[in-house]
Amino acid sequence: MKEIVILSGKGGVGKSSLTAAFAQLLTEQGKYRLTLADTDVDAPNLHIVLGAEFDRSRAVAASDKAMIDYDKCSSCMACLEACAFESIIGTEEPVIISYSCEGCGVCALVCPEEAITINPVENGVVNFVTSGTVRVVAGALGIGESSSGRLVDIVKREARQEASLNGSDLLLTDGPPGIGCPVIAALKGSDYAVLVTEPTPSALSDLQRIVEVVRGFGIAAGVILNRNDMDEKSAQTTRDWLAQNELPLLGEIPYDPHLPKALARGDLGVNMYPDAPSSLAIKKLHKVIEGLLA
Ligand code: SF4
Ligand code: SF4
């Protein structure tokens, strides 16, 4: 089984709708078996783009938090002084602000009474979704919660298990935006990274940063230039940068109002408007993705 991750460095460049379109095209007429992992745990929406419903959910502990046993606490306040995250407040006795606690354990180390323990807390869910023949594993972090990298790790693990159970040819991961811990967790173990960008200076800067991360992991990558006709000068700057940095341009997709129209109706552009310019470009691109499965 191959593992491909779709990343963008920034949100809003069409990563999830592309992932969904590739999934649809690759599984047409039972060609390939596919499992999708939605690792954008702060804003999971792949199932919405696919128009699918959750069929199972499981709460997960992706974070650790400090807890005080007040029967043991002598109110020395050493923990308050030691917490670098200012997650302990109080004057008479210490109070932990759970949402900002990083679970680092320093307070437990300095506590002379061994009154503090670090415990796993449920702060997210893993949802299981079926859309046609495609199985989707999607993580969702609780509001205000941290440690999304750990949740992404859990989602990837569950998705690999689902993929092996259903004999998938491909595990396709819809990655989170940015270049932080969740992106690294989504990347780990992938055979190939598809990087989606658009022709703007800020998107190019984000692309350059994500390329550094991907190359740091020694993972092969190629780029899709979405909405390529937004600005020809910026598009050419992106193409030139890719050529200078020996990064393959997998394909380009024109801006096409059919695509948001289809999304507004809860459908995919390749379904609703199969002959629209963007759909034709996406169909061509899915052949490139198919080539990566060989
Ligand atoms: S575990 Fe770390 S962040 Fe949380 S309260 Fe203790 S010292 Fe502060
Ligand atoms: S360090 Fe331990 S004993 Fe001291 S205030 Fe904190 S919890 Fe209480």
Side-chain angles (χ1 to χ4, degrees), residues 1-23 25-26 32 34-44 46 136-139 148-149 151-153 155-157 159-160 163 168-199 202-228 238-239 241-253 281-282 284-294:
M1 181 185 73
K2 292 275 181 192
E3 286 194 26
I4 296 176
V5 58
I6 303 194
L7 295 167
S8 62
K10 82 188 269 280
V13 295
K15 186 173 46 62
S16 294
S17 40
L18 259 181
T19 308
F22 288 149
L25 293 166
L26 288 167
Y32 295 100
L34 206 90
T35 298
L36 292 177
D38 187 353
T39 59
D40 190 354
V41 297
D42 288 310
L46 193 55
V136 188
V137 180
S148 47
L151 182 53
V152 169
D153 232 19
V155 171
K156 286 279 303 237
R157 218 169 42 227
R160 280 191 189 112
S168 286
D169 304 288
L170 171 65
L171 170 58
L172 187 60
T173 298
D174 183 11
I179 56 163
C181 198
V183 169
I184 288 165
L187 252 181
K188 260 190 318 186
S190 299
D191 298 295
Y192 197 89
V194 174
L195 311 176
V196 185
T197 190
E198 58 184 21
S202 66
L204 178 58
S205 159
D206 293 331
L207 175 68
Q208 289 164 339
R209 281 155 60 85
I210 191 80
V211 165
E212 253 186 75
V213 177
V214 172
R215 285 194 160 158
F217 280 86
I219 294 169
V223 175
I224 293 175
L225 184 56
N226 198 12
R227 303 169 193 141
N228 68 342
T238 303
R239 291 183 201 112
W241 185 82
L242 294 178
Q244 281 155 17
N245 289 277
E246 296 174 2
L247 262 172
L249 178 59
L250 303 176
E252 302 190 16
I253 304 168
I282 291 168
K284 205 168 142 195
L285 260 165
H286 107 273
K287 290 279 174 199
V288 179
I289 304 291
E290 196 176 347
L292 297 172
L293 300 183

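For the numbers below, each heavy atom of this structure counts, side chains included, while hydrogens, waters and symmetry mates do not. Please read these numbers as outputs of a predicted model, since none were measured by experiment.
Put simply, CG on L172 and CD1 on I289 are 7.5 Å apart, with the number rounded to the nearest 0.5 Å. Separating the CD1 atom in I210 from the OG atom in S205 is a distance of 11.5 Å, to the nearest 0.5 Å. Distance check: I253 CD1 to S17 OG gives 8.5 Å after rounding to the nearest 0.5 Å. The CD atom of E3 sits 4.0 Å away from atom CZ of R160, with the distance rounded to the nearest 0.5 Å. The CG atom of L7 sits 6.0 Å away from the CG atom of L195 when rounded to the nearest 0.5 Å. With rounding to the nearest 0.5 angstrom, the OG1 atom of T238 is 11.5 Å from the CG atom of L247.
Judged as a salt bridge (Lys or Arg N to Asp or Glu O under 4.0 Å), and not counting sequence neighbours, R209 has no contacts. Listed by chain and residue number, E290 satisfy the side chain to side chain donor-acceptor pair (under 3.5 Å) test with Y32 (two or more places apart in sequence, or in another chain). With sequence neighbours excluded, the residues forming a side chain to side chain donor-acceptor pair (under 3.5 Å) with R239 are E232, Q236, E252, listed by chain and number.
Here the closest heavy-atom approach between residue A159 and residue T35 is recorded as O-CG2, 3.7 Å. When all heavy atoms are compared, the tightest approach of G139 to L151 is C-CD2, 4.5 Å. Nearest heavy-atom pair, V155 versus A138, reported as atom, atom and distance to 0.1 Å: CG2-C, 4.4 Å. Between A185 and V152, the shortest heavy-atom distance links the atoms CB-CG1, 3.5 Å. When all heavy atoms of L187 and A193 are compared, the closest pair comes out as CD2-CB, 4.2 Å. Among all heavy-atom pairs drawn from D206 and S8, the shortest one is CB-O, 4.5 Å.
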Extract all donor-acceptor atom pairs below 3.5 Å that involve side chains of residues 215-223 and protein atoms in other chains or at least two apart in sequence.
| from | atom 1 | to | atom 2 | distance (Å) |
| --- | --- | --- | --- | --- |
| R215 | NH1 | N245 | O | 3.4 |
| R215 | NH2 | N245 | O | 2.6 |

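Between K156 and T173, some side-chain heavy-atom pair lies under the 4.5 Å cut-off. Using a 4.5 Å heavy-atom cutoff, the side chains of V288 and K284 are not in contact. Residues I4 and L170 meet the side-chain proximity criterion, which asks for heavy atoms closer than 4.5 Å. Here the side chains of F22 and L285 are in contact, with some heavy-atom distance below 4.5 Å. Inter-residue side-chain proximity for K2 and L171 is flagged as unmet; no heavy-atom pair is nearer than 4.5 Å. Within the 4.5 Å cutoff, the side chain of V194 has no heavy atoms near those of the V5 side chain. Side chains of V211 and W241 form a contact here, defined as non-hydrogen atoms less than 4.5 Å apart. Contact of the L18 side chain with the I282 side chain is registered, since non-hydrogen atoms from C-beta on lie closer than 4.5 Å.
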### Task
For V213 and I184, run side chain to side chain contact (heavy atoms under 4.5 Å, CB included): C-alpha distance rounded to whole Å, both residues' side-chain angles, the deciding distance at 0.1 Å, then the answer.
CA-CA 8 Å; V213 177; I184 288 165; 4.1 Å; yes
### Message
Applying side chain to side chain contact (heavy atoms under 4.5 Å, CB included) to T19 and L46, what does each step give before you reach the verdict?
### Response
CA-CA 8 Å; T19 308; L46 193 55; 4.1 Å; yes
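Identified under the salt bridge (charged side-chain N to carboxylate O under 4.0 Å, His left out) test for residues 178-196, with sequence neighbours left out: D153-K188. Each salt bridge (charged side-chain N to carboxylate O under 4.0 Å, His left out) pair with one or both residues in residues 170-186, not counting sequence neighbours, appears once here: K15-D174.
Remark: E212 CD is loosely packed, at most 12 non-hydrogen atoms of other residues, nucleotides or ligands lying under 6.0 Å away.
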